[in-house]
Every structure is written in structure tokens, then in C-alpha cells.
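Here's the structure we're looking at; comments come further down.
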Amino acid sequence: MDPITIVLAVAGLGIGFGGATAFNKKKLGSVEENAKKELDKAKKEAEKLVQSAREEANTLAEEARKEEQNRRKEVKEIEKKLLERQETVDKKLDELDKRTEALRKSEDEVESLKNEIRDIRKKQQDKLEKVAKLSKAEAADKLLKMTERDIKDDLKGLVDKLQNEAKENAEELAGVVLVGAMERMASEVTAERTVTAVKLEDEEMKGRIIGKEGRNIQALQRATGVDIMVDDTPGMIVLSSFDPVRREVARQAMEMLLKDGRVHPGRIEEVVEKAQKEVQKEVVRAGEDAAREVGIIGIPKEVLQYLGELKFRTSYGQNVLKHSTEMAHIAGIIAEELGADVKTTKYAALVHDLGKALTHKMEGKHHHISGEILRKYGVPEEVAHAAEAHHDDMEATTTEAVIVRVVDAISAARPGARNISAENFAERMKELENVANGFEGIEKSYAISAGREVRIFVKPEDIDDLSAIKLARDVANKIESTMQYPGTIKVNVIRETRALEYAK
């Protein structure tokens, strides 16, 4: 290679290196300048943010100062009001103290004046006794004796005259009032019976009622407590029970079964339950109708319930609800004639026998139970007393109570009102059941077959088979020792266990 070529190559290398170096320096300077500009820009933005934050902080601080000032101002105002109220209360307390002191001084002055008046009166009385030479008691006694001596003969003559007139007129006037009331109110009260007959449209229904091996009729008798006789009367089913409520439930249940045609133990229980609900509705309706008939409003619903139950109760064969409504009408007539309170008299007459609906649940005489129940449910005391005092073992202190007592005797004593034998029969039936119910483990018991049998259903979990035999003997022994009855009484103890399950 020649020297010229070498020199040119070296020169080219030098020129290229220098150019590259110059280019790099120029590029580096441009980057530094851009970085410096960005830095300046960031500093300016940071300064702006700091300035903005300072301004916001100042604003918040200013608002906080203003709020604090407002709160302090409110607190000062509240303190000022409290101080003013405290001053007002202190002033009022001072005034009260002054008034109390003034009242105390006035009381002392009044007491002093009373003492002075007592002293003056005592001195005057002493002077009068000294002048008259008589004490106060002696003077009063002497004055009474003088007055009695002067008018004794006149008073005696007046008393004799009034007594003679009362004797001559009282009996006649009483008879006029009572007869007039009885003539205006002459409703008929029929004697209750102990049997009810249900007509059979189809003789084939007798077999359904009896059921296989007597299963249906036994279920009916157990559910209702009524003796059912199917074959005694052609075309009729006879229901026998001393309790009219049970007999009515059995009658309605029997009519439902005959109409439906489906007779089995499960259906029987459903129908009897439905009949019991219907009889309950009839009880409530009977009480409301009786109150409406005699014109008494505002009777508590519990009292109306017991009043309605009297529709199915008898006293010596006399329907108690009819007896009570009859009494209410007669009592109102007599009260009007005598000037007594008509509403109170009619109210008391209507509810006077209320206790007869509860004598099998509560101990005591029915008229005392009536008074207790009436007071319990808020009936006025004058009504409760007049109802409770309708028998002679309690004193009648008001005119209304005397009227109720008299009217009770009128309603019960008139011809045809009562049937003594029916009442004795019913009482014997109740007593039979009460004797059985007095033993433990009894679920329910019924006196049936005119009192010739008492049927007792026991709780199977409490009484086993051997205990059932012993219970029958114990009940029979107690009946023999405590009751009087014709013939013999069969004690039938039934222990039945049922197992129920449902397929779902």
C-alpha cells in the first residue's frame, strides 16, 4: 500500500471520530437542557400544590376558629340563661318560704282563736248551769221528758190509727198488685222430660247406628253420655239422659248421622264435636234472646253465657231460663207499681238463678254462687244483692231484693210450674255421677238407663285391669253407703286403649 493511501485513511478515521464526538456532545447537551426544563416545571407545580394546601389549611383553620367562637358564644348564652333560671328559682323558693312562714303564723293565730272561743263557750255554759242549777245533760233530759209528756197521748193515737189502716189495707193492696202482675204475665212453663225421640225415615239405618257388634252405638253413647235405645219403639230412636245439654247434643248428632248415612266411630266423634259447637252457639243465642226479651242491655258476655245454659237446666221440672224470664216480667210490673227501680229489679230477676248453671262445678248454694259470679264480672252491687237474697237464708235489704224474692215464690208456686218427681230423678242422676267422679283416674262418667247403671271411663295410663276391678267395687260400696235408691245399680268400669298413627 502506498503512503498516500495510508495518509488518507488515517485522515478519514480522524475526521470520522471527531464528527462522532461532536455529534454526541450536541445530543448530550440537548438532553440536559430538557431535563432541566422538566425539573423547573415540576418545581413550579410543587410550589403551586404547596401554596394551594397552605391556602386550604388556612381556610379550614379560619372556619374552625369561627365555629369555636360560635360555640363559645352559645355556651355563654346557655350559662347566662341557666343563671337567670337559677335566680328565678331562688326567688320563688324565697317567696315560698315566706308564704309558708306566713301560713304557719296564721295557723297559730287560728288555733289561738279556737282556744279562746272554747274558753268563752265553757265559761258561758258554766254560767248557764249555775243560773239554772242544772247540768247540760240534766237540762236535755228534762226537756225530752216534758216534750214526751205533752205529746205522748197524741203520738199514741196517731200510731194506733196508722197501724189499723195498714192492717186493713196492706193485704188487699198486696193482693191487687200480685194478681194484676200474674194476670198480665201468664206464660206457660212445661215440665221437662228425660227422653228425646228421633224419627227414623229408613228402618235400615238402625243397623248402621248399632254397627258391627254394637261398635257404633257404643261410640255414640261414650261420646255423648246418653243412653240410646234403638229397638224399643218402631221407627224411632230414643235418647235418654237426665242432662238436657247432653240429650240435645246427642239429638243433633243423631240427626246429622241419619242425614249423612256414614256411621262409624271416627265419623261419630266428628259429628258429636260439631253438635257440641252448635249447642254452644244455641246457648249464647238463648242468653242474648232472653236479655232482649226482658229489655236489659249491657249484660257482660260471660253472664249471658251462663244465662243461656239455663235453657238446658231444670228446677223441679221447671225450665230455669223460662222461669227467669217470666220472673223478670212479673218483677218489672210489681216494681213499677211500688215505685222501685224497674231496671234493677228485672235485671236481678233474670239472673237470680245463674248459679244453677254452675252447681256441678262450684260448691255452695246456687243463690250464693249467683251473687259471686255477678260480682266477679262487674254487675252492679244492687243487682247482685237482689239476686243473691232471693232465698230466706240471706237478708233482703232493698225493695228490689224483696220483690225478687216474692216473684220467685209466685213463679215457682203457680199450678203446673213444677214437677217434683222429675227434679228428684235428675238430682239422683247427678249425685250418681258425682260419686263416680270423686275417684282418681276417672276420665268421665255417665248415669244411664234411668239410674240403673253408671258407666265409668277410666284413663288407661292411670288404671290397669286389676285396678279397674277394684274401682268398680269401691264405687259400688260408696253408692250403697251414701245414696238412697230403688232396686240395684250396675257399676260398669270401661278401660280402653287407642293406638293412632297417620300415613303421610
Has [X] got a side-chain atom pairing as donor or acceptor with [Y]'s backbone, closer than 3.5 angstrom?
X	Y	value
H329	E326	no
K346	V294	yes
D353	V320	no

Starting at [atom1] of [X], measure out to [atom2] of [Y] and round the result to the nearest 0.5 Å.
X	Y	atom1	atom2	result
Q218	I268	CD	CD1	10.5 Å
I369	E372	CD1	CD	7.5 Å
L239	E248	CG	CD	10.0 Å
I333	I403	CD1	CD1	11.5 Å
L471	D464	CG	CG	11.0 Å
L350	L304	CG	CG	8.5 Å

With sequence neighbours excluded, tell me which residues meet side chain to side chain donor-acceptor pair (under 3.5 Å) with [X].
X	result
E381	R375
Q280	Q305
E288	none
Q86	D90

Determine whether [X] and [Y] make a side-chain contact, defined as any pair of heavy atoms from C-beta on separated by less than 4.5 Å.
X	Y	result
T398	E382	no
I479	V475	yes
M254	I228	yes
R118	R121	no
V351	V379	no
Y347	I299	yes
V404	M327	yes
M483	V435	yes

Derivation and outcome, side-chain contact (heavy atoms from CB on, under 4.5 Å), residues R262 and E270: CA-CA 11 Å; R262 295 176 297 165; E270 294 177 7; over 6 Å; no
Would you name the heavy atoms of [X] and [Y] that are closest together and state the gap between them?
X	Y	answer
V402	A396	CG2-CB, 3.9 Å
K478	T482	O-OG1, 2.6 Å
S445	N437	OG-OD1, 2.7 Å
V454	L432	CG2-O, 4.4 Å
L307	G287	CD2-O, 3.9 Å
Q276	A223	NE2-O, 4.3 Å

Tell me which donor-acceptor pairs under 3.5 Å the side chains of residues 455-463 have, and how far apart each pair is, sequence neighbours excluded?
| residue | atom | partner | partner atom | Å |
| --- | --- | --- | --- | --- |
| R455 | NE | E453 | OE2 | 3.4 |
| R455 | NH1 | Q221 | OE1 | 2.7 |
| R455 | NH2 | E453 | OE2 | 3.3 |

Can you list everything that forms a side chain to side chain contact (heavy atoms under 4.5 Å, CB included) with [X]? Sequence neighbours excluded, please.
X	answer
E101	R104, K105
S370	L354
R99	none
V271	A253, M256, L257, R267

Please determine if [X] and [Y] form a salt bridge, counting it only when a charged side-chain N lies under 4.0 Å from a carboxylate O.
X	Y	value
E302	K376	no
K470	D474	yes
D408	R405	no
R251	E255	yes

For H352, the option from H366, H323, H391, H367 that meets ring pair (Phe, Tyr, Trp, His ring centres under 6.0 Å):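 Between H352 and the candidates, ring pair (Phe, Tyr, Trp, His ring centres under 6.0 Å) is satisfied uniquely by H323.
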Counterpart residues, ring pair (Phe, Tyr, Trp, His ring centres under 6.0 Å), relative to H385 (two or more places apart): none
Partner residues of H264 under the ring pair (Phe, Tyr, Trp, His ring centres under 6.0 Å) criterion, sequence neighbours left out: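 H264: no ring pair (Phe, Tyr, Trp, His ring centres under 6.0 Å) contacts found.
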With K490 via salt bridge (charged side-chain N to carboxylate O under 4.0 Å, His left out) - residues at least two apart: none
Worked check of side-chain contact (heavy atoms from CB on, under 4.5 Å) between T345 and E400: CA-CA 5 Å; T345 308; E400 291 77 14; 3.1 Å; yes
Flag if over 12 foreign heavy atoms under 6.0 Å of NZ, K343: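 No, the 6.0 Å shell around NZ holds no more than 12 heavy atoms from other groups.
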Atom CG of L96 with >12 non-hydrogen neighbours under 6.0 angstrom: yes
Side-chain donor-acceptor contact under 3.5 Å, D97 with T100: no
